[in-house]
Amino acid sequence: MLGLCMALASNVFAQTKPIAIAIHGGAGTIDKSLFSEEQEAAYRAKLTEAVEAGFKVLEAGGESLDAITRAINILENSPFFNAGKGAVYTYDGAHELDASIMDGRDRQAGAIAGVKHIKNPIDLARVVMTDSVHVLLSGEGAEQFAKQQGFKFVDNHYFDTPHRFEALKKAKQKLDAKKVDSKSYKAAHNALPVQYKMGTVGAVALDKQGNLAAGTSTGGMTAKRFGRIGDSPVIGAGTFADNRSCAVSATGHGEYFIRYSVASDICARVAYQKLSIAQAGDEVIHNVLAPVGGTGGVIIVDRQGNISMPFNTKGMYRASKSSSQKTYVGIFKND
């Protein structure tokens, strides 16, 4: 009888362990007036699909790494977001993709940058973590490793989409016009509106075993040149996870997120200052980044299953679900 009671108690405890997932599809100048009802509904439906797919993995007892990979794959396969299928164009009219993933159990991490033929970059980042001795692989080397691991390649044109090509043309027109005045690539690029410098997808999760994970995937910056790499594949900037604190995935103007080590800074404030994730996220996004011109946002989950999704832009595509919270989907600031 005692053994039966202990087994029942253990089962109840397992069932009450918190699980949580949050996802984002990028932050920026997301203006409600530019969306038709049908477009808004389509974005919300895709965010819902992704967050609920990830949550099902957690609900079934799956690992947080599997949950975030599943959610990010759905976003990568959608033309709506700047990752995978919807990746933006480089200045030369191609696509270069970056991604990273981190395991909160032991800080194992994997990342890839500048790949051109990998349909789901987050999958390759995960294999770098599990099957290589390195953390970050780039360009041709990353794709050579992918080939050894049996990845199927896609033509770079797979990532083409009409709306991203229009964005490239507009960005190049603005760059060319500014260069006439300034004669400086840096000055011209700094003058580009912020919407050309942002766009990412990501996910963070807590599983029933109490393990955190974070992942981020992106097509980078519209009209980027010279093999530019942003924060998304940089551990500590765009992605960070540690079971002792929290898991973070970032989206925004990557140069600022790199300079201020945004993802790891948030987790450090939770670990060392004993701040809540809401406090830590707000401090970094609104008090550290915003004053210096850093725009964007983050999604955060902690080991208790709490979720926070702060941003300092007009909007951020986001969704979350936990064992104590129904599915939430937001796009605009007031959602």
Side-chain angles (χ1 to χ4, degrees), residues 22-28 68 72 75-76 81-84 87-88 90 95-102 107 109-115 121-122 124-125 128-129 135-139 142 189-190 192 194-204 213-242 246-269 280-281 283-286 288-290 292-300 309-313 316-318:
I23 66 170
H24 69 76
I68 64 169
I72 291 173
L75 300 177
E76 287 176 329
F81 308 103
N82 178 19
V88 298
T90 67
H95 307 275
E96 296 175 358
L97 300 92
D98 314 324
S100 64
I101 196 167
M102 190 166 186
R107 290 200 186 187
I112 50 98
V115 299
I122 195 66
L124 180 55
V128 170
M129 177 179 70
V135 172
L136 174 59
L137 302 180
S138 66
H189 195 274
N190 286 342
L192 269 181
V194 70
Q195 66 261 30
Y196 295 107
K197 303 173 183 177
M198 306 170 72
T200 321
V201 307
V204 292
T216 312
S217 181
T218 187
M221 179 186 291
T222 301
K224 64 183 178 181
R225 301 182 74 180
F226 314 120
R228 178 263 184 187
I229 296 170
D231 65 305
S232 295
V234 178
I235 300 302
T239 301
F240 197 78
D242 190 326
C246 58
V248 179
S249 174
T251 174
H253 190 168
E255 278 66 16
Y256 290 91
F257 283 73
I258 293 172
R259 292 176 188 134
Y260 289 88
S261 302
V262 166
S264 61
D265 186 14
I266 290 170
C267 291
R269 291 168 190 255
E283 281 190 4
V284 173
I285 295 300
H286 298 294
V288 175
L289 282 182
V292 296
T295 51
V298 293
I299 51 173
I300 320 167
M309 298 186 285
F311 56 96
N312 60 23
T313 53
M316 181 169 78
Y317 299 107
R318 61 201 186 275

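Because the structure is a prediction, the values reported are computed rather than measured. In this chain, residues are counted from 1 in sequence order.
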What I'd like to find out is whether the side chain of [X] reaches to under 4.5 Å of the side chain of [Y], using heavy atoms alone.
{"X": "Glu76", "Y": "Ile122", "value": "yes"}
{"X": "Arg107", "Y": "Phe240", "value": "yes"}
{"X": "Ile300", "Y": "Pro310", "value": "yes"}
{"X": "Ser217", "Y": "Leu97", "value": "no"}

Looking only at heavy atoms, which two atoms of [X] and [Y] are closest? And how far apart?
{"X": "Gly110", "Y": "Met129", "result": "N-CB, 3.5 Å"}
{"X": "Ala250", "Y": "Asp231", "result": "CB-OD2, 3.9 Å"}
{"X": "Val292", "Y": "Val288", "result": "CG2-O, 3.6 Å"}
{"X": "Ile229", "Y": "Ala113", "result": "CD1-CB, 3.6 Å"}

Answer yes or no: is there a donor N or O on one side and an acceptor on the other, between the side chain of [X] and the main chain of [Y], under 3.5 Å?
{"X": "Asp98", "Y": "Thr218", "result": "no"}
{"X": "Lys224", "Y": "Val88", "result": "no"}
{"X": "Ser100", "Y": "Val234", "result": "no"}
{"X": "Asn82", "Y": "Gly219", "result": "yes"}

Donor-acceptor side-chain pairing of Ser249 and Thr216 below 3.5 angstrom
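The answer is yes; a qualifying pair exists.
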
So if I apply the side chain to side chain contact (heavy atoms under 4.5 Å, CB included) rule between Val298 and each of Thr251, Val204, Leu289, Ile285, which one comes out positive?
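Result: among Thr251, Val204, Leu289, Ile285, Ile285 is the only option passing the side chain to side chain contact (heavy atoms under 4.5 Å, CB included) with Val298.
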
Should Ile101 and Thr239 be marked as a side chain to side chain contact (heavy atoms under 4.5 Å, CB included) after you check the CA-CA gap, both sets of side-chain angles, and the distance that decides it?
CA-CA 7 Å; Ile101 196 167; Thr239 301; 5.9 Å; no

Chi angles and distances behind the side chain to side chain contact (heavy atoms under 4.5 Å, CB included) call for Met309, His24:
CA-CA 9 Å; Met309 298 186 285; His24 69 76; over 6 Å; no

Under 6.0 Å from the ring centre and within 45 degrees of the ring axis: does the NZ or CZ of Arg259 meet both conditions for the six-membered ring of Tyr256?
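Ring-cation test returns yes.
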
Step-by-step side chain to side chain contact (heavy atoms under 4.5 Å, CB included) determination, Ile299 to Met316
CA-CA 10 Å; Ile299 51 173; Met316 181 169 78; 4.2 Å; yes

Under 4.0 Å between a Lys/Arg side-chain N and an Asp/Glu carboxylate O for Arg225 and Glu96?
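No, this pair does not count.
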
Could you walk me through whether Arg318 and Phe311 pass the side chain to side chain contact (heavy atoms under 4.5 Å, CB included) check?
CA-CA 10 Å; Arg318 61 201 186 275; Phe311 56 96; 3.6 Å; yes

